[in-house]
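Here the structure is laid out as structure tokens; the discussion comes afterwards.
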Amino acid sequence: MKSPSSSATEGRQGTAGFVLPDPTATLDLAMDDGAPIRVVRHGNPCGPRVVLSHGNGFASDSYFPFWRHMLQRFDLALFDVRNCGRNPFHAAEPHHYSRFARDNATVHRAVANEWGEKTTIGVFHSMSAIAALLAVVDGVWHWDALVLFDPPVVPPEGNPLRTSLMVDGESLRDAALIRQNRFTDPDELADVFRLLHRFRRLRKGVAELNARSVLRFDSTSGEWLLRCPGPVEAGLYTEVADLPIWRQPVPPARPLLIVGSDPRPQDAPRTALCCKLYCETFGIGYAFVPDTSHLLQLEEPEQCFALFEGFLTDNGIAA
């Protein structure tokens, strides 16, 4: 069995050569219901700020292949959704999108208070992107600009894409409900990731990186446990269908870009097709990354960063 120190990610060489830097600062917050969220700072404190979070079943450290391209020029503030990643487990309820949206606002205010007001770009994927979008459609803007990667925006009743996306969500929910929670070491979970069809395009080493990012060592049992147990995340895969997302947003006063996975293949992810339709329907800036699935930032991180960088340049936000 590997000890916690030998499997840590921060400042250490991973099995695939990933070396996550130690944070330059940390900020421990309590949400209004007591849930703890830790924000970690990386990168260039003189640059524009990027606040970044993750998708369901992941953690912000899992996205290192993407955010490492920001380190020289951006002031990075990374946080994990409550009950995930670096955060101690708080409670199975509330663990839902409207709660995440409120947490986003709290994190934004606290980061500005602690590390200073400056231009701040929110960069969110999937689950955290939906939480950010919930505010946008109501005309509430915390960020100076937003880049949302492949949010699972479920169309309304009557749209054929709704049924197919809900089937995918139900499948992921059912898998999460029976997910293994205990592992002998992170490599055991990494092996599981490598076998999953939906992870087939991941950049080499991401399976190991993600395993170390979503597990914690339990000294009592000597095992590694999921920080966010499967049954806690399960409902999020279907809850998204009931959210008031598919409606005309209040006209965005600030730059907004949705970056989708590739909608062109015959077996394109349903999220890709829904993101494209959503942006076309409501006139939102849209781009996609060729040859990617829903996990596009972990498959083609350089292309994702290039789209992010181009978006900032086009909107006069320079690093």
Side-chain angles (χ1 to χ4, degrees), residues 4-5 7-12 19-64 67-68 70-71 74-125 127-129 131-132 135 142-143 186 209-220 224-229 232-233 236:
S5 60
S7 291
T9 52
E10 287 183 28
R12 283 176 164 75
V19 180
L20 274 71
D22 293 321
T24 59
T26 62
L27 178 60
D28 288 318
L29 307 175
M31 302 298 102
D32 58 20
D33 65 347
I37 288 183
R38 169 168 285 190
V39 187
V40 297
R41 194 180 194 185
H42 292 282
N44 180 358
C46 298
R49 178 171 294 134
V50 170
V51 176
L52 181 147
S53 196
H54 58 92
N56 206 5
F58 291 79
S60 58
D61 277 350
S62 308
Y63 293 72
F64 177 63
W67 59 257
R68 65 178 173 176
M70 302 179 180
L71 288 171
F74 294 92
D75 185 9
L76 288 171
L78 312 180
F79 76 98
D80 300 313
V81 171
R82 57 171 53 210
N83 299 321
C84 298
R86 299 172 182 270
N87 305 320
F89 188 82
H90 176 65
E93 291 293 338
H95 189 87
H96 50 65
Y97 285 103
S98 60
R99 179 69 256 191
F100 302 157
R102 290 169 62 188
D103 292 348
N104 280 357
T106 300
V107 169
H108 179 272
R109 288 194 301 270
V111 167
N113 290 339
E114 182 71 14
W115 295 328
E117 297 273 359
K118 63 165 63 179
T119 298
T120 301
I121 306 104
V123 178
F124 303 111
H125 173 237
M127 171 178 68
S128 62
H142 310 301
W143 322 100
L209 176 63
N210 190 45
R212 284 161 170 75
S213 300
V214 301
L215 292 174
R216 64 177 178 84
F217 183 72
D218 178 47
S219 58
T220 301
W224 292 79
L225 310 181
L226 286 176
R227 291 182 177 273
C228 184
V232 177
E233 72 173 56
L236 297 171

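Taken from CZ in F79 to CG in N104, the straight-line distance is 4.5 Å, to the nearest 0.5 Å. Here the straight-line distance linking atom CH2 of W67 with atom CG of L71 works out to 5.5 Å at 0.5 Å rounding. To the nearest 0.5 Å, the span separating CG on L52 from CZ on F74 amounts to 12.0 Å. Rounding to the nearest 0.5 angstrom, the gap separating the CG atom in L209 from the OH atom in Y63 is 11.0 Å. In this structure, D80 CG and H54 NE2 are separated by 4.0 Å, a value rounded to the nearest 0.5 Å. Here L76 contributes atom CG and I121 contributes atom CD1; the two are 10.0 Å apart, rounded to the nearest 0.5 Å.
By the 4.5 Å heavy-atom criterion applied to side chains, F124 and W143 are counted as neighbours. Under the 4.5 Å side-chain criterion, counting only non-hydrogen atoms from C-beta, F89 is not in contact with R227. Annotation: side chain of F64 is in contact with side chain of P21 (closest heavy-atom distance under 4.5 Å). Put simply, the side chain of L215 reaches to within 4.5 Å of the side chain of L226, judged on heavy atoms. Within the 4.5 Å cutoff, no side-chain heavy atoms of D32 are placed close to those of T106.
Applying the side chain to side chain contact (heavy atoms under 4.5 Å, CB included) criterion to H142, with sequence neighbours excluded, gives A105, H108, A135, V140.
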Just do the salt bridge (Lys or Arg N to Asp or Glu O under 4.0 Å) check on R86 and D61 with the steps written out, would you? CA-CA 9 Å; R86 299 172 182 270; D61 277 350; 3.0 Å; yes
Using the rule given for side-chain contact (heavy atoms from CB on, under 4.5 Å), can you reason through R41 versus L27, listing the C-alpha separation, both sets of side-chain angles and the distance that settles it, and then say yes or no? CA-CA 8 Å; R41 194 180 194 185; L27 178 60; over 6 Å; no
Evaluate the side-chain contact (heavy atoms from CB on, under 4.5 Å) criterion for residues R82 and D33: first the C-alpha distance (whole Å), next the side-chain angles of each, then the deciding distance (0.1 Å), finally the verdict. CA-CA 11 Å; R82 57 171 53 210; D33 65 347; 2.9 Å; yes
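Looking at every heavy atom in both residues, D75 comes nearest to G47 through CB-O, 3.6 Å. Closest heavy-atom contact between P48 and K118: C-CD, 4.2 Å. The two atoms that bring R99 and P94 nearest to each other are CD-CG, 3.7 Å, heavy atoms only. Of all heavy-atom pairs between A131 and A101, the closest is O-CB, 3.6 Å. Of all non-hydrogen atoms in A59 and N210, the two that sit nearest each other are N-OD1, 4.3 Å. The minimum heavy-atom distance between R49 and A112, with the atom names listed, is NH1-CA, 4.2 Å.
Among residue pairs with one or both ends in residues 89-98, those qualifying as side-chain hydrogen bond (donor to acceptor under 3.5 Å, both in side chains) are N83-H95, H96-S98; sequence neighbours excluded.
For T220 (side chain) and D218 (main-chain N/O), no donor-acceptor pair under 3.5 Å exists by modelled atom type. Looking only at distances, no side-chain donor or acceptor of D103 sits under 3.5 Å from a matching main-chain atom of M31.
Residue-environment remark: CZ (R216) exceeds the threshold of 12 foreign heavy atoms within 6.0 Å.
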